[in-house]
Structure formats: C-alpha cells, structure tokens
Amino acid sequence: MTTAPTIGVLALQGDVREHVRALRESGARPVAVRRPAELEAVDALVIPGGESTTMWKLADAFDLLEPLRLRVKSGMPAYGSCAGMIMLADRIEGGTDDQQTLGGIDMVVRRNAFGRQVDSFESTLDFAGRGAMRAVFIRAPWVESVGSGVEVLGLAEPGDRIVAVRQGPLLATSFHPELTGDTRVHSYFVEMVREH
Ligand SMILES: NC(=O)CC[C@H](N)C(=O)O
C-alpha cells in the first residue's frame, strides 16, 4: 500500500479525537466510524477505550455489532485500546452476564484487573522492543492468558502483567497511547496495516 491507509476510529465513545491525531501523525488518513457504510469504507479500525459493557450495546444500537464481527473475522486489521482490547478478546473475565465482545484474539482478558489495586496509574514499559514508553492505565484490563498464536508485545508493573498483544492483523493494549503524545503504538499499527 503506497498511499496513506484509511483507518477508522470507532466513534461511539472514548478518546476519538486523540486517536485521530495520533493516526494522522503516524501517516494514516483517519476517519470517524459511526455507521455501517463508514465501516465498509475503511482499511482498518481503531477501537478506543471507554466502557466495554456499554460499547457493545452502543455498537448493537448503531447496527455495527455484526458488521464489526464480520470485518474482524474477514481479516480487517484492528487495534483495541483498553475497552477496545476487551472487545477484541475471545474470552473475558469479570464482564457482566450478558456482555458480548467481537472476539478475534485468542486470549482471556480480565476487566478492571489493576483496578482492584489502584484505579489509574502510569508505568514505563517496552512496547514491541521499541524502547521505554510511558503508558497510562485507566481502570485497565490485563491479559490473563493467551493462545499459542498470540505474540506478547508488552508487560507492565505491577506484577509483569501482559498488557500488549498481537495476533495476525489484530493488536491490543491495556493502556492508552493516545494520551501521552507518543505515537509509537499507532505507528506500529499503521505499519501492520501497510504490510497487510
Ligand atoms: N479506560 C477504559 O477503557 C476502561 C475499560 C473499562 N474498565 C471496561 O471494562 O470496559
């Protein structure tokens, strides 16, 4: 792909503007996605943080849940941050009884996992071997376990928990890279989309 890839940002809740800015700085053409037709037009999608229990209901109300599942299943690159990570998990712990995800990454994600110790915090971690990075966690999940096809891209204190993973065209982080002005995670995703 030689031209800038068109990357959607799911705009139902969360830091849409910040993701748009980080994607633009990383060489992509970002667009907000709220409708099925907008989803169809993108090469890839970012799913921001928010509240995963609300996000799937909003996606359902906007007639996006099934189209999202289909596109993820058919191999569209997607990057989920925090609640977005939960949306990309095949299995979750600590969800509500009726909670649904899109799935796609063979992992178990525990909701509000760090939250039992502390609500929000910052940590420094190495993302995908690209050097030390400041990471912001807000009522963040962690990855409890991963299947053999999942690459672990980052661990965080406290507890050396898995907080960044990739499986094929799907990327997920427990933290919010859109809040620190460090575009390395978005650049990594844009590279994934270009190589796709
Ligand atoms: N900042 C976030 O996205 C928090 C995630 C939220 N705790 C959830 O379970 O969906």
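These numbers come from a predicted model, not from an experiment. Only heavy atoms go into these numbers, but all of them, side chains included; no hydrogens, no water, no symmetry mates. Read the numbers this way: they start at 1 and go in the same order the structure lists the ligands and their atoms.
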Measure the distance from atom 7 (N) of ligand 1 to every protein heavy atom, then report the residue, atom name and distance (to 0.1 Å) of the closest one. N112 OD1, 2.6 Å
In ligand 1, which numbered atoms sit nearer than 4.0 Å to a non-hydrogen atom of R139? 4 (C), 5 (C), 6 (C), 7 (N)
Provide, to 0.1 Å, the distance between atom 9 (O) of ligand 1 and the closest protein heavy atom, together with that atom's residue and name. R111 NE, 2.6 Å
Atom 8 (C) of ligand 1 - nearest protein heavy atom and its distance: E51 OE2, 3.2 Å
Run the numbers for me: atoms of ligand 1, each under 4.0 Å from some heavy atom of I86, listed by number. 8 (C), 9 (O), 10 (O)
Check for me whether M55 has a heavy atom closer than 4.0 Å to any atom of ligand 1. no
Charged N to carboxylate O below 4.0 Å: is that the case for E38 and R35? yes
With the threshold set at 4.0 Å, does a side-chain nitrogen-carboxylate oxygen contact exist between E66 and R69? yes
Numbered in order shown, the ligand 1 atoms found under 4.0 Å of a heavy atom of C82 are 1 (N), 2 (C), 3 (O), 4 (C), 5 (C)
Output yes when E122 and R134 qualify as a salt bridge under the 4.0 Å nitrogen-oxygen rule, no when they do not. yes
Determine the interplanar angle of the H186 and H19 rings, folded into 0 to 90°, and report it as parallel if under 30°, tilted if 30 to 60°, perpendicular if over 60°. tilted
Numbered in order shown, the ligand 1 atoms found under 4.0 Å of a heavy atom of I138 are 1 (N), 2 (C), 4 (C)
Going by the atom numbers of ligand 1, which of them fall below 4.0 Å from some non-hydrogen atom of G49? 3 (O)
Return the orientation label for the F127 and F175 ring planes: parallel under 30°, perpendicular over 60°, tilted otherwise. perpendicular
Tell me: protein heavy atom nearest atom 10 (O) of ligand 1, and distance? S52 N, 2.5 Å
Between D106 and R91, does any NZ, NE, NH1 or NH2 come within less than 4.0 Å of an OD or OE carboxylate oxygen? yes
Against I86, only a single residue in M55, Q99, R110 fulfils side chain to side chain contact (heavy atoms under 4.5 Å, CB included); can you say which? Q99
N/O separation below 3.5 Å, H176 to ligand 1: yes
Determine, for R130 against E191, whether the closest basic-nitrogen to carboxylate-oxygen distance falls under 4.0 angstrom. yes
The closest protein heavy-atom partner of atom 5 (C) of ligand 1 is G50 O, 3.4 Å
